[in-house]
Enquirer: 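Okay, here's the structure, questions in a sec.
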Amino acid sequence: MTYSVKEMYYTLQGEGAHTGRPAVFLRFSGCNLWSGREEHRAQAVCRFCDTQFVGVDGPGGGKFDSARELAVAVARQWQAGKAGTPYVVCTGGEPLLQIDGALIAALHEAGFEIGVESNGTIAAPDGIDWLCISPKADATLAQRSGDELKLVYPQLEAEAQPGEFEGLAFRHFYLQPMDGDDLLENTKRAIDYCKQNPRWHLSVQTHKYLGID
């Protein structure tokens with residue numbers, strides 16, 4: 001299998017349960033809920049994506065002809081030597097369009113703990129160490145268990161309300177204020193909801209406040 005990667009770089013995880021943890025971010029190209037092109041955004045299933053995942057032209061990006069080749073490239077990005085457990089965050093776009101058993105095995109062989117951030121419309125293969133699902137309204141949720149459910153909030157559609165997801169088998173439940181012109185108001189609403197529903201915790205995109213890529 002050939003893997004298409006938009007970009008790959010060493011940074012800190014900026015949101016969710018692993019906020020502040022050093023990681024290699026491995027951003028795959030392509031998504032099943034939006035083409036990534038602005039002229040298609042209004043008709044997309046997910047219309048609020050804030051990442052660029054089209055093509056393979058970002059730092060560290062490219063086409064990788066095998067799982068081992070990609071795992072070697074990921075390992076080259078890790079800058080902490082043998083300190084701590086190397087961690088890779090597979091994101092997108094939608095990473096589960098490309099992640100398979102061969103890549104999971106190759107990344108584990110390279111010594112990495114594997115985190116995946118997915119929209120949940122594709123069932124995850126076995127072997128992922130940390131699975132974060134971010135549901136999108138109007139998209140059928142195929143992956144209904146994992147480590148972290150992170151809901152961008154508020155989504156106006158009725159089926160994307162927090163209470164709809166509380167019965168799912170996740171260890172952590174996060175509300176993440178939707179970015180954009182209404183970020184301050186959305187943050188206040190998310191804070192109020194978490195205060196009234198303590199099962200939910202607030203996830204803040206700290207990398208944007210700190211200017212971290």
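Computed from a predicted structure; not experimentally measured.
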Enquirer: If you compare all heavy atoms of T85 against all heavy atoms of G111, which two are closest, and at what distance to 0.1 Å?
Expert: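 Heavy-atom minimum between the residues: CG2-O, 4.4 Å.
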Enquirer: For G115, does its backbone N or O pair with a side-chain atom of E113 as donor and acceptor, under 3.5 Å?
Expert: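 Side chain of E113 to backbone of G115, a donor-acceptor pair under 3.5 Å: no, none is there.
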Enquirer: Tell me, yes or no, whether the heavy-atom count around L210 atom CG, taken from other residues, nucleotides or ligands under 6.0 Å, exceeds 12.
Expert: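 Atom CG in L210 is crowded, with more than 12 foreign heavy atoms closer than 6.0 Å.
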Enquirer: How many angstroms lie between CZ in F165 and CD1 in I133, if you round to the nearest 0.5 Å?
Expert: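 That separation rounds to 11.0 Å.
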Enquirer: How many angstroms lie between atom CE of M1 and atom CG of L70, to the nearest 0.5 angstrom?
Expert: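 It is 10.0 Å, given to the nearest 0.5 Å.
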Enquirer: Taking all non-hydrogen atoms of both residues into account, name the closest pair between A190 and L202 and its distance.
Expert: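 Minimum heavy-atom contact is CB-CD1, 3.7 Å.
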Enquirer: Could you pull out all donor-acceptor pairs under 3.5 Å where a side-chain atom in residues 120-129 meets a protein atom, sequence neighbours excluded?
Expert:
| unit_1 | atom_1 | unit_2 | atom_2 | d |
| --- | --- | --- | --- | --- |
| T121 | OG1 | N32 | ND2 | 2.8 |
| T121 | OG1 | N119 | OD1 | 2.6 |
| D129 | OD2 | H108 | NE2 | 2.8 |
| D129 | OD2 | I114 | N | 2.8 |

Enquirer: Count the heavy atoms belonging to other residues, nucleotides or ligands that lie under 6.0 Å from CZ of R144, then report whether that count exceeds 12.
Expert: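 Counting neighbours around CZ of R144, 12 or fewer heavy atoms of other residues, nucleotides or ligands fall under 6.0 Å, so no.
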Enquirer: Please give me the minimum heavy-atom distance between S145 and L131, naming the atom from each residue.
Expert: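 Closest heavy-atom pair between S145 and L131: O-CD2, 3.7 Å.
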Enquirer: Decide, yes or no, whether a salt bridge links K136 with E94 under the criterion of side-chain N to carboxylate O below 4.0 Å.
Expert: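 Judged by the 4.0 Å cut-off on N to carboxylate O distance, K136 and E94 do not form a salt bridge.
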Enquirer: Linking I/L/V/M/F/W/Y whenever any side-chain heavy atoms sit under 4.5 Å apart, do L184 and V152 land together?
Expert: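 No, because L184 and V152 fall into different hydrophobic clusters, even though each may have its own neighbours under 4.5 Å.
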Enquirer: Linking I/L/V/M/F/W/Y whenever any side-chain heavy atoms sit under 4.5 Å apart, do V88 and V72 land together?
Expert: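 Per the 4.5 Å side-chain linkage, V88 and V72 are not co-clustered.
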Enquirer: Check L175 against P162 and note the closest heavy-atom contact, atom names and distance.
Expert: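 So the minimum-distance heavy-atom pair works out to CD2-CG, 3.9 Å.
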Enquirer: Within this structure, what is the OG-CD distance for the pair S134 and E148, rounded to the nearest 0.5 Å?
Expert: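 Spacing of OG (S134) from CD (E148) equals 9.5 Å.
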Enquirer: Tell me whether the count of non-hydrogen atoms from other residues, nucleotides or ligands lying under 6.0 Å of NZ in K188 goes above 12.
Expert: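 No, because the 6.0 Å sphere around NZ of K188 holds 12 heavy atoms or fewer from other groups.
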Enquirer: Find out whether Q98 and S4 are in side-chain contact, i.e. whether some heavy atom of one side chain is under 4.5 Å from a heavy atom of the other.
Expert: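 In contact.
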Enquirer: A cation-pi test, strictly: NZ or CZ of R41 under 6.0 Å from the centre of the six-membered ring of W34 and no more than 45 degrees from its axis. Yes or no?
Expert: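 Pair R41/W34 counts as cation-pi.
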Enquirer: Treating Ile, Leu, Val, Met, Phe, Trp and Tyr as nodes and any side-chain heavy-atom pair under 4.5 angstrom as an edge, say whether L107 and F25 lie in one connected cluster.
Expert: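 No, separate clusters.
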Enquirer: Over all heavy atoms of both residues, which pair between Y10 and A80 is shortest? Give the atoms and the distance, please.
Expert: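 Scanning both residues, the minimum pair turns out to be OH-CB, 3.6 Å.
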Enquirer: M8, L12: one ILVMFWY side-chain cluster at the under-4.5 Å cut-off?
Expert: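 Different clusters.
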Enquirer: R76: what forms a salt bridge (charged side-chain N to carboxylate O under 4.0 Å, His left out) with it, not counting sequence neighbours?
Expert: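 Result, salt bridge (charged side-chain N to carboxylate O under 4.0 Å, His left out) vs R76: none returned.
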Enquirer: Using side-chain heavy atoms (C-beta onward) and a distance below 4.5 Å, is Y3 in contact with D100?
Expert: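 A side-chain contact under 4.5 Å exists here.
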Enquirer: Does any N or O in the side chain of Q161 come within less than 3.5 Å of the main-chain N or O of Q155, such that one atom is a donor and the other an acceptor?
Expert: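 Confirmed, Q161 side chain pairs with Q155 backbone.
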Enquirer: Measuring from Q205:CD to D50:CG, what's the distance to the nearest 0.5 Å?
Expert: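 Q205 CD to D50 CG: 5.5 Å, rounded to 0.5 Å.
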Enquirer: Please test T11 against H207 for side-chain contact (heavy atoms from CB on, under 4.5 Å), starting from the C-alpha separation and ending with a verdict.
Expert: CA-CA 9 Å; T11 186; H207 53 291; over 6 Å; no
Enquirer: If we ignore hydrogens and angles and just use 3.5 Å, is the side chain of S29 paired with the main-chain N or O of K6 as donor and acceptor?
Expert: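 Confirmed, S29 side chain pairs with K6 backbone.
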Enquirer: Output yes when a side-chain donor or acceptor of Q77 lies under 3.5 Å from a complementary backbone atom of V24, and no otherwise.
Expert: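 It does not hold such a pair.
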Enquirer: Could you tell me if the side chain of R27 sits less than 4.5 Å from the side chain of Y9, heavy atoms only?
Expert: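 Sidechains of R27 and Y9: in contact.
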Enquirer: May I ask you to decide if Q176's main-chain N or O and S203's side chain share a donor-acceptor pair within less than 3.5 Å?
Expert: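 Such a contact is absent between S203 side chain and Q176 backbone.
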Enquirer: Using distance only, find each side-chain donor-acceptor pair of residues 192-201 under 3.5 Å and give its atom names and separation, not counting sequence neighbours.
Expert:
| unit_1 | atom_1 | unit_2 | atom_2 | d |
| --- | --- | --- | --- | --- |
| N197 | ND2 | Y193 | O | 3.0 |
| R199 | NH1 | E166 | O | 2.7 |
| R199 | NH2 | E166 | O | 3.4 |
| W200 | NE1 | E166 | OE2 | 2.7 |

Enquirer: Is there a side-chain contact between F28 and F53 (heavy atoms, below 4.5 Å)?
Expert: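 F28 does not reach F53 side chain to side chain.
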Enquirer: Can you tell me how far CD of Q13 sits from CD of E15, rounded to the nearest 0.5 angstrom?
Expert: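 Between E15 CD and Q13 CD, I get 5.5 Å after rounding to 0.5 Å.
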Enquirer: For residues W130 and D147, report the shortest heavy-atom separation together with the two atoms involved.
Expert: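 Smallest interatomic distance, heavy atoms only, reads CA-OD2, 3.2 Å.
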Enquirer: Is L26 linked to L97 within one hydrophobic cluster, defined over Ile, Leu, Val, Met, Phe, Trp and Tyr using a side-chain heavy-atom separation of less than 4.5 Å?
Expert: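 Yes, one cluster joins them.
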Enquirer: Side-chain contact, heavy-atom cut-off 4.5 Å: V89 with H18?
Expert: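 SC-SC contact between V89 and H18 ruled out.
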Enquirer: If I take atom CD from residue E7 and atom OG1 from residue T51, how far apart are they, to the nearest 0.5 angstrom?
Expert: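 One gets 8.5 Å once the value is rounded to the nearest 0.5 Å.
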